[in-house]
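Input: a single structure, listed below in structure tokens.
Throughout, numbering of the chain's residues begins at 1 and tracks the sequence. Numbering of ligands and ligand atoms starts at 1, following listing order. Scope of the values below: all heavy atoms of this structure, side chains included, with no hydrogens, waters or symmetry mates.
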Amino acid sequence: MSQNAAPVVPAKELSTPVHNPATGEVLYNVEHASVDEVTAAVARAEKAFESWSQESALKRGRVLFKYMELLDANREELAATLTREHGKTLPDARGEVQRGMEVVEFACGIPHLMKGEYSENVGTGVDCYSIRQPLGVVAGITPFNFPAMIPLWMFPIAVACGNTFILKPSEVDPGVSKILLRLFLEAGAPEGVLQVLNGGKTVVDALLHHPSIQSVSFVGSTPVAEYIHKTASANGKRVQALGGAKNHMVIMPDAPMDQAVEALMGAAYGSAGERCMAISVAVPVGQETADKLVLALKARIADIKIGNGTGKGVDMGPLISQKHLEKVRGYVDHGVTEGAKLVVDGRDFSAPDKKGFFMGCCLFDGVKPGMKIYEEEIFGPVLSVARVKDFNEAVDLINNHSFANGVAIFTSNGGVARQFAHQIKVGMVGINVPIPVPMAFHSFGGWKRSLFGAVHMHGMEGVRFYTRLKAITARWPEALKAEFTMPVAK
Ligand code: NAD
């Protein structure tokens with residue numbers, strides 16, 4: 001048993017409503033799992049691990065190939081569910097599904113990815129080799145903002161490595177996970193290899209305290225990431241916990257202004273700013289660049305089309321909930337009181353039928369360190385402009401922020417871009433790319449308060465996270481004599 005006593009929790013927490021954020025209507029209620037149901041799921045996963053981990057990597061890879069086909073055939077259903085429960089536009093939802101599928105594609109190559117290393121004759125007649133083995137039952141806890149992509153960052157690699165996986169998706173938009181599970185079973189995965197448990201803190205805590213859970217992958221807000229990391233680590237589990245963000249984009253005086261503005265529009269207001277890689281701070285270098293940028297953004301924001309994500313030509317959908325909408329509006333109110341200049345005020349935007357959790361784009365100028373709207377993650381369609389006089393001030397500003405998920409620089413000078421990439425203390429860097437989300441075969445993760453734990457997600461980091469290394473030293477001697485000194489190569 002773990003040393004940390006599990007908190008006392010009610011046997012069954014509750015069920016919570018799932019909304020369509022574009023209309024405000026309740027779509028259905030999602031039942032939360034009880035602690036007993038968590039225990040039963042872990043037992044099923046342990047049982048499934050016995051045989052799944054013994055399958056060859058080739059066979060597990062074939063299930064993933066089939067899964068890839070099924071995801072491809074059902075991508076419209078996935079995207080439609082995503083838009084209905086999350087609110088992001090349909091094309092954006094399709095893009096999310098695609099980025100998730102690319103991790104499955106990566107995991108299909110698991111026989112190659114899990115290959116170990118071999119050294120012949122490390123001593124006379126002695127060989128040394130290392131292999132990677134699965135951990136056992138592993139868990140993933142995911143946020144509301146990427147209900148397809150983020151679960152797919154985790155479980156395809158985990159199960160390809162031979163683990164069995166328990167997914168606890170966000171209770172706010174759990175519909176996509178249900179489809180992901182259904183298709184995985186259709187692909188031929190045995191029962192218990194992947195399970196989905198719905199719920200909130202009660203379910204999470206039951207997983208964090210269960211002695212059979214070997215690792216926890218988490219993506220969500222920073223306070224919860226920190227809690228997950230602390231609690232799961234104290235219980236002896238391997239943890240990767242990705243948290244919140246405040247991503248800057250530096251605009252150098254030599255950057256093509258029209259490109260920088262277009263990039264900022266998508267990166268700041270796409271998905272209503274509810275992306276951990278959204279740009280929420282624009283950092284123009286020099287007064288002339290700043291003045292031009294603010295003018296151009298103001299004009300461009302006037303063109304943005306806000307509405308139901310299913311609508312044609314819609315650029316931006318609603319926020320996830322009424323509560324979150326009020327929180328984001330509250331930040332904007334606060335920004336005004338703390339002295340930032342609100343150039344565009346989208347607080348009062350509403351849909352023609354007054355339904356849904358909509359707000360318009362907001363643009364602040366004159367934002368400075370120390371302001372709440374600069375220091376904290378807002379997670380809404382609010383872009384702050386923080387003016388700096390030169391490149392070094394831009395680098396210092398960013399390096400002093402507590403979050404360090406993503407960052408971008410727009411410039412036409414290769415030397416400046418290279419220096420920026422070298423000096424900046426942030427996990428993911430874009431050079432003339434506003435949202436530098438690494439491809440599935442690279443790894444995703446921030447630094448500082450954007451990631452707790454040492455290992456990033458997917459790519460080879462994912463394979464390393466979901467396996468443990470074993471080193472074997474072997475000799476097949478004709479006669480073996482006891483050696484009392486430390487063995488050294490002869
Ligand atoms: P959240 O932290 O509220 O919830 C994330 C998950 O944790 C959910 O499954 C939720 O049920 C669970 N949870 C919530 N409170 C908990 C608690 N007290 N104890 C245990 N479990 C709890 O995050 P969210 O609102 O769903 O998602 C938005 C946040 O996620 C933003 O901060 C965003 O930056 C972050 N995010 C980060 C990344 C990244 O890669 N760094 C990616 C996407 C989202």
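- Only side-chain heavy atoms of Asn405 come within less than 4.0 Å of ligand 1; its backbone N, CA, C and O stay farther off.
- Of the candidates Phe146, Trp153, Phe444, Phe218, the one placing a heavy atom closest to atom 5 (C) of ligand 1 is Phe218.
- Closest heavy-atom approach to atom 6 (C) of ligand 1 within the set Leu207, Val172, Thr142: this belongs to Thr142.
- The number of heavy atoms from other shown groups lying within 6.0 Å of NZ (Lys355) does not exceed 12.
- Residue-to-ligand polar distances place Lys168 within reach of ligand 1: an N/O pair is separated by less than 3.5 Å.
- Within the 4.0 Å heavy-atom cutoff, Ile320 does not count among the residues contacting ligand 1.
- Nearest to atom 35 (C) of ligand 1 by heavy atom, out of Pro143, Gly220, Cys276, is Gly220.
- Counting heavy atoms only, Glu377 comes closest to atom 34 (O) of ligand 1 of the residues Glu274, Met428, Glu377, Met277.
- Compare Lys246, Lys201, His324, Met149 by their heavy atoms: the one nearest to atom 18 (N) of ligand 1 is in Lys201.
- Taking CE of Met457 as the start and OH of Tyr466 as the end, the distance is 6.0 Å to the nearest 0.5 Å.
- Residues Phe144 and His86 place their aromatic rings such that the two centres sit under 6.0 Å apart.
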- Item | Derivation and outcome, ring-ring contact (aromatic ring centres under 6.0 Å, His included), residues Tyr374 and His248 | CA-CA 10 Å; Tyr374 178 73; His248 299 69; 5.5 Å; yes

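- By the 4.0 Å heavy-atom criterion, Gly243 is counted among the residues contacting ligand 1.
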